[in-house]
Amino acid sequence: MDFPALIFLSSLVSVEVLAQRTFQELGSPLCVRCCGDSEKPVPNPTKSRVKQYILYPAPKFQPQIDMTILKGEKGENGGEGHTGVSGKDGDPGPQGPSGEKGQKGQRGPSGNSCKNQYAAFSVARRKSLHSTEYYQPVVFDTVFVNLFEHFNMFSGIFFCYVPGIYFFNLNVHTWNLKETYLHIMKNSQEVAILYAQPSDRSLMQSQSIMLDLQDQDEVWVRMFKRERENAIYNDDTDVYIIFNGYLIRPDTE
């Protein structure tokens with residue numbers, strides 16, 4: 001087959017293919033004969049095929065970023081922040097187990113040498129006593145009670161070895177027509193007086209006092225010096241002159 005014939009056949013094929021496409025799109029056969037415009041077949045609208053295109057919404061796409069590729073280098077530690085507000089106290093926890101026994105402690109200092117927190121005495125004089133030119137202590141010769149020997153019978157003085165509050169009492173018998181003038185002494189100070197004016201009748205006189213004593217304080221009875229006839233009376237059978245004292249409350253309580 002020569003080259004012009006080949007060109008001719010190719011043209012026929014192209015025309016055929018074009019006719020088929022036109023037929024498919026219009027739905028009617030292609031008119032191949034020559035005719036006027038009035039004789040051209042009218043395409044059937046019911047059979048026409050019109051392509052309809054439906055627009056669907058594009059699918060949502062959530063981008064995902066790989067954070068590992070954006071992670072930078074580790075920064076420096078920040079400064080220490082302010083202390084926060086203290087929270088509420090919690091409930092007490094259960095009692096823990098007993099700990100191990102500790103070592104023996106050191107020996108403590110020595111305690112008070114006066115371990116006996118008591119003091120009391122009751123003494124009497126069985127002989128009468130007259131005043132002299134000087135003050136004189138009243139000395140006693142009979143002991144009823146002398147706890148721990150705090151009352152010295154030779155000097156007639158009570159020595160305080162247990163500091164605290166004490167009660168003292170002095171009883172005497174006056175002498176007819178003579179004055180009675182005595183003092184209860186604390187150290188060298190008069191703290192109480194027992195006095196009776198001269199009378200033709202003898203009387204029992206009494207005086208009491210409470211004193212706050214410190215260690216080594218002294219309490220005793222002193223007869224006033226002679227300015228007028230001054231005396232206390234006692235006979236050999238009865239006891240009239242009595243001096244008592246006892247501790248009420250020690251300072252260590």
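Small disclaimer: the values here were computed from a predicted structure and weren't measured. Note: hydrogens, waters and symmetry copies are ignored here, and every other heavy atom, side chains too, is used.
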Practice problem: Could you walk me through whether V123 and F151 pass the side chain to side chain contact (heavy atoms under 4.5 Å, CB included) test, one step at a time? | Solution: CA-CA 9 Å; V123 293; F151 189 89; 3.8 Å; yes

Practice problem: Over all heavy atoms of both residues, which pair between S155 and P137 is shortest? Give the atoms and the distance, please. | Solution: O-CB, 4.3 Å

Quiz item: If Ile, Leu, Val, Met, Phe, Trp and Tyr residues are connected whenever their side-chain heavy atoms lie under 4.5 Å apart, and connections chain through other members, are I184 and Y135 in the same group?
Solution: no

Exercise. Tell me whether the centres of the aromatic rings in F148 and Y161 are closer together than 6.0 Å.
Key: no

Practice problem: Report yes or no: does W220 contribute a side-chain atom to a donor-acceptor pair with the main-chain N or O of N187 at less than 3.5 Å? | Solution: yes

Self-check item: Cluster link I232 to V139, ILVMFWY, side chain under 4.5 Å
Solution: no

Quiz item: Is I209 reachable from V138 through a run of hydrophobic residues whose side-chain heavy atoms are each under 4.5 Å from the next?
Solution: yes

Quiz item: Can you tell me if Q117 and T252 form a side-chain donor-acceptor pair at under 3.5 Å?
Solution: yes

Self-check item: Evaluation steps, side chain to side chain donor-acceptor pair (under 3.5 Å), between D217 and Q214
Solution: CA-CA 6 Å; D217 278 346; Q214 301 300 318; 5.9 Å; no

Quiz item: Does a donor on one side chain and an acceptor on the other come within less than 3.5 Å for Y246 and N244?
Solution: no

Quiz item: For L203, does its backbone N or O pair with a side-chain atom of T174 as donor and acceptor, under 3.5 Å?
Solution: yes

Quiz prompt | Check: F243 and F168 side chains under 4.5 Å, non-hydrogen atoms | solution = yes

Quiz item: Between N176 and S202, what is the shortest heavy-atom contact and its length?
Solution: OD1-N, 2.8 Å

Self-check item: Side-chain donor-acceptor contact under 3.5 Å, N169 with S206
Solution: yes

Quiz item: Say you draw a straight line from CG of N234 to CG of L129; how long is it, rounded to the nearest 0.5 Å?
Solution: 10.5 Å

Quiz item: Do the numbers put R125 on top of the ring of F140, so that NZ or CZ is under 6.0 Å from the six-membered ring centre and no more than 45° off the axis?
Solution: no

Practice problem: Establish whether L177 and L182 are linked, either directly or via other cluster members, by ILVMFWY side-chain heavy-atom contacts under 4.5 Å. | Solution: no

Practice problem: Give a yes or no on whether the ring-centroid distance for Y181 and Y195 is below 6.0 angstrom. | Solution: yes

Self-check item: Among N146, N152, V221, L213, the one residue meeting side-chain contact (heavy atoms from CB on, under 4.5 Å) with F158
Solution: L213

Practice problem: Report yes if the distance between the aromatic ring centroids of F159 and H150 is under 6.0 Å, otherwise no. | Solution: no

Practice problem: Please name the pair of heavy atoms, one in H130 and one in M223, separated by the smallest distance, quoted to 0.1 Å. | Solution: C-SD, 3.7 Å

Quiz prompt | Gap separating the CH2 atom of W175 from the CG atom of N230, nearest 0.5 angstrom | solution = 11.5 Å

Exercise. Drop me the distance from T237's OG1 to R126's CZ, to the nearest 0.5 angstrom.
Key: 9.0 Å

Exercise. Return yes when atom CD of E190 has more than 12 non-hydrogen atoms of other residues, nucleotides or ligands closer than 6.0 Å, and no otherwise.
Key: yes

Quiz item: Are the side chains of Y166 and I248 in touch, meaning some heavy atoms are under 4.5 Å apart?
Solution: no

Quiz item: If you round to the nearest 0.5 Å, how far is CD of E218 from SG of C160?
Solution: 10.5 Å

Quiz item: Would you find a donor on one side and an acceptor on the other, under 3.5 Å apart, between the side chain of S128 and the backbone of Y233?
Solution: no

Quiz item: Of all heavy-atom pairs between L211 and K186, which one has the smallest distance, and what is that distance?
Solution: CD1-CB, 4.4 Å

Quiz item: In Å and rounded to the nearest 0.5 Å, what is the OG1 to CD distance from T180 to Q205?
Solution: 7.0 Å

Quiz item: Rounded to the nearest 0.5 Å, how far apart are CG of L194 and OG of S208?
Solution: 9.5 Å

Quiz item: F224, L170: one ILVMFWY side-chain cluster at the under-4.5 Å cut-off?
Solution: no

Exercise. Please state whether the rings of H173 and Y240 are parallel, tilted or perpendicular, taking 30° and 60° as the class boundaries.
Key: tilted

